[in-house]
Amino acid sequence: MPEMTYRDAVIRGIAQEMSRDPDVVFLGEDVAKAGGVFKATVGLYEQFGPLRVRDTPISEQAILGAAMGAAMTGLKPIAEIMFSDFFAVCFDYIANEFPKSRYMSNGQLKCPLVVRTGNGAGSRFGAQHSQSVENWCMMIPGLKVVAPSNPADVIGLMAAAVRDPDPVIFFEHKSLYPTKGEVPDGEIVDTLGSAKVVRPGKDATILALALMVPRALQAAERLKSEHGIDCEVIDVRSLVPLDTQTILGSLAKTHRLFTVEENPRLCGWGAEIVSIAADEAFYDLDGPPVRITTPHIPLPAADILEDIVLPTPDRIVETVSKSLNS
Amino acid sequence: MSTVRDRAPQPAGSGLNDDIGEEKRLELYRTQVTIREAEQRAYDLFLQNLVKGTSHLSLGQEAVAAGFGGAMRKGDLSFCTYRGHAHTLARGVSVEKVLGELMQRDNGLMRGKGGSMHLTSADHGVMGSYAIIGAHLPIACGAAWRAQYKGDKDVSTCFFGDGTTNIGAFHEALNFAAVWKLPVVFCCENNLYMEYTPISDVTAVPSPAGDRAGSYGLEKIVIDGNDADAVFRTARAAYEKARAGQGPSLIECLTYRHSGHSRADPAKYRPEGELDRWKQRDPIKIYRERLQQFGVSEKVISDIEADVRREVDEATEKCKAAPMPPLDILTTDVYADGGWAWRN
């Protein structure tokens with residue numbers, strides 16, 4: 001199967017949907033003529049023209065507000081917020097407007113749009129350009145939230161998000177942009193709300209998202225070879241809707257649960273899943289669920305500091321092996 | 001360069017059939033009286049504890065809603081604030097539907113799920129009432145972008161108060177609309193108070209919207225917001241401009257709210273005599289006299305008033321008799337599939 005980068009998959013995913021539906025439009029800062037600061041939208045302006053691929057001012061509220069007004073009245077906008085940290089300056093739309101208009105209007109209004117954003121650490125950008133903020137969105141009723149970990153999922157989940165009738169927040173991981181993966185030819189359409197078992201195993205379930213998926217997989221190989229522990233790794237992919245069945249199904253088989261989360265500790269997505277497991281699968285558990293997260297601190301800039309603050313394969317191996325051998 | 005367009009009323013005896021015409025004038029009067037009577041009724045029902053939560057009335061500001069609503073075409077879109085009852089009624093939504101929502105009944109516009117601050121009637125082009133200051137200016141830009149992109153001829157109007165001119169979204173939206181040349185009209189109802197504080201105490205320029213227009217390459221337009229004819233003419237010109245592809249307008253309407261900011265506010269901060277002075281310029285009083293000047297008979301005028309009162313009375317009784325919303329709507333329409341499921 002041909003390989004492509006996660007970055008090129010973003011371009012292909014958007015292009016696939018824009019080619020299919022003339023109502024799909026795309027806006028953001030530096031996304032058109034410049035091709036995006038992460039070069040993840042190169043060529044779209046040339047392919048689809050200035051009416052469909054539009055540069056905006058540095059006005060995050062205007063970007064998301066305009067996307068919403070267009071979505072309410074018949075378009076299917078994809079809006080880019082360059083860094084997910086900037087959600088904080090336009091959070092009204094994410095928290096109060098997109099997710100509540102359908103409910104408050106008793107179903108009269110709709111909001112079918114996608115907000116793509118560069119999320120996550122690894123670029124030494126410091127505390128305001130490196131955060132993992134998917135939990136900011138996960139907690140809001142009315143939103144859907146996805147975070148792909150590989151190029152094929154980027155394309156398939158992008159298609160699912162654009163075709164979905166609800167507002168979808170689409171987290172792309174900045175450190176994954178240069179990574180490569182196999183991608184089949186032709187149209188790819190995935191399903192929101194489906195987790196994926198990316199490595200079957202029988203001794204423990206490790207849940208991971210985005211950049212933490214390759215790290216969990218790396219750790220799982222070492223746990224097998226160095227400790228004889230056979231881990232099942234699940235790429236959660238979609239936080240809302242959440243594929244609880246796949247997660248609890250795995251837990252019923254392995255009886256141990258670990259989450260690997262890039263977000264700071266408090267209220268990370270793993271906390272919600274652990275609470276679901278405690279409620280609904282308590283007697284499947286042979287030991288306490290363990291959350292492996294970034295500690296509850298702002299992210300540092302220096303590489304030596306950033307590298308040790310995120311969950312690493314070393315930390316995953318150590319945590320899982322100690323827990324299972326205790 | 002300030003070009004204040006304070007349109008003078010037509011001289012008496014010039015006849016009703018000028019550029020506005022008799023039919024439109026009677027419509028503008030009926031709309032203003034409907035808003036006045038419905039808002040007054042909402043206040044009375046609040047005193048009877050039949051309107052719950054909060055409510056923000058437009059008593060005294062009726063000419064703005066009537067003038068803009070009267071200049072819109074079917075298919076044009078309105079984006080309102082929490083002070084949105086007037087703009088909703090001005091698009092032809094029934095008093096019953098509005099009062100029903102304020103009274104949290106099943107016959108309300110949104111069956112009690114939105115409340116006073118979020119009146120929405122998509123069938124009438126009322127695309128929501130937004131309770132976070134400034135949020136709907138960019139949203140109106142988006143609706144206008146869709147019209148521009150698809151070649152639709154509708155115009156979006158965004159109504160907001162003077163206080164909105166000091167929040168970031170106002171400035172982002174104005175710049176965005178100007179740069180993209182969008183068919184959107186921004187209407188600032190300057191009622192002199194942001195909430196409890198005079199707008200002049202907290203704003204760097206005398207005309208909170210008008211004096212900002214130049215920053216976005218737009219004409220400064222400040223009009224008498226208590227004269228429905230002036231509002232109508234200014235709105236009509238802005239809609240013609242928007243439909244001709246010539247971009248947005250920002251219109252500041254000078255007006256005054258007769259009641260407090262919300263139902264919790266007795267408005268004691270107002271200097272003595274201010275309210276009385278503005279009541280001399282009550283938009284309904286002005287317009288009633290205008291109709292008389294144009295020779296409309298007292299009978300035609302009082303028939304409209306009686307008709308509206310009957311409508312409001314009947315709506316009130318229907319709402320009082322209407323059931324509360326059923327509990328099963330609690331979890332509907334969170335997502336587009338009609339439900340609220342966030343997991344499998």
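All values below come from the heavy atoms of this structure, side chains included, with hydrogens, waters and symmetry mates left out. Order of the sequence lines fixes the chain letters, A, B, ..., with proteins taken first and strands second; residue numbering starts at 1 for each chain.
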Chain A contacts, top residue of Ala131(B), Ser156(B), Gly134(B), Ser121(B) (heavy-atom pairs, under 4.5 Å): Ser121(B)
Would Arg343(B) and Ile276(A) satisfy side chain to side chain contact (heavy atoms under 4.5 Å, CB included), going step by step from the backbone distance to the final call? CA-CA 11 Å; Arg343(B) 56 170 283 192; Ile276(A) 292 170; 4.0 Å; yes
For each of Leu51(A), Val240(A), Val89(A), Leu109(A), tally heavy-atom pairs with chain B at distances under 4.5 Å, and name the one with the top tally. Leu109(A)
Calculate, to the nearest 0.5 Å, the distance between atoms CE and CZ belonging to Met72(A) and Phe79(B) respectively. 5.0 Å
Interface moiety of Leu330(B) toward chain A, non-hydrogen atoms closer than 4.5 Å: both
Any Lys/Arg nitrogen of Asp23(A) or Arg146(B) sitting under 4.0 Å from an Asp/Glu carboxylate oxygen of the other? no
Look up atom OG in Ser101(A) and atom NE2 in His118(B), then write down how far apart they are to the nearest 0.5 Å. 11.0 Å
Pairs of heavy atoms under 4.5 Å with chain A: top-ranked of Ala169(B), Gly115(B), Ala147(B): Ala169(B)
Report, in residue-number order, which members of residues 177-184 of chain B are under 4.5 Å from chain A by heavy-atom distance. Trp180(B)
What part of Pro165(A) lies closer than 4.5 angstrom to a heavy atom of chain B: side chain, backbone, both or neither? both
Below 4.5 Å, heavy-atom pairs only: which of Lys144(A), Gln108(A), Lys110(A) has the largest tally toward chain B? Gln108(A)
From Thr244(A) OG1 over to Trp342(B) CH2, what is the distance, rounded to the nearest 0.5 angstrom? 6.0 Å
Donor-acceptor under 3.5 Å (Asp166(A) side chain, Ala336(B) main chain): yes
Return the option, out of Ala173(B), Ala135(B), Gly114(B), with the maximum number of heavy-atom pairs under 4.5 Å with chain A. Ala135(B)
Hey, is CD on Gln128(A) packed in by over 12 heavy atoms from elsewhere, all under 6.0 Å? no
Closest contact, heavy atoms only, Pro141(A) versus Tyr335(B): C-OH, 4.3 Å
Atom pair OG1/OH of Thr331(B) and Tyr103(A) - distance to nearest 0.5 Å: 7.5 Å
Among residues 82-110 of chain B, which ones touch chain A with a heavy-atom distance under 4.5 Å? Leu109(B), Met110(B)
Residue selection (most heavy-atom pairs with chain B, distance under 4.5 Å) from Ile58(A), Leu27(A), Leu248(A): Leu27(A)
With rounding to the nearest 0.5 angstrom, report the OG1 to CD1 distance, Thr73(A) to Ile139(B). 11.0 Å
Straight-line distance of His136(B) NE2 to Glu97(A) CD, nearest 0.5 Å: 9.5 Å
Do the side chains of Gln61(A) and Leu137(B) get nearer than 4.5 Å, heavy atoms only? no
Could you have a look at Gly65(A), Gly74(A), Ala67(A), Pro99(A) and say which one has the most heavy-atom pairs with chain B under 4.5 angstrom? Gly65(A)
May I ask you to decide if Gln245(A)'s main-chain N or O and Asn344(B)'s side chain share a donor-acceptor pair within less than 3.5 Å? yes
Region of Asp92(A) in contact with chain B, defined by heavy-atom distances below 4.5 Å: side chain
Scanning both residues in full, the closest heavy-atom pair of Pro22(A) with Tyr149(B) reads O-OH, 2.5 Å
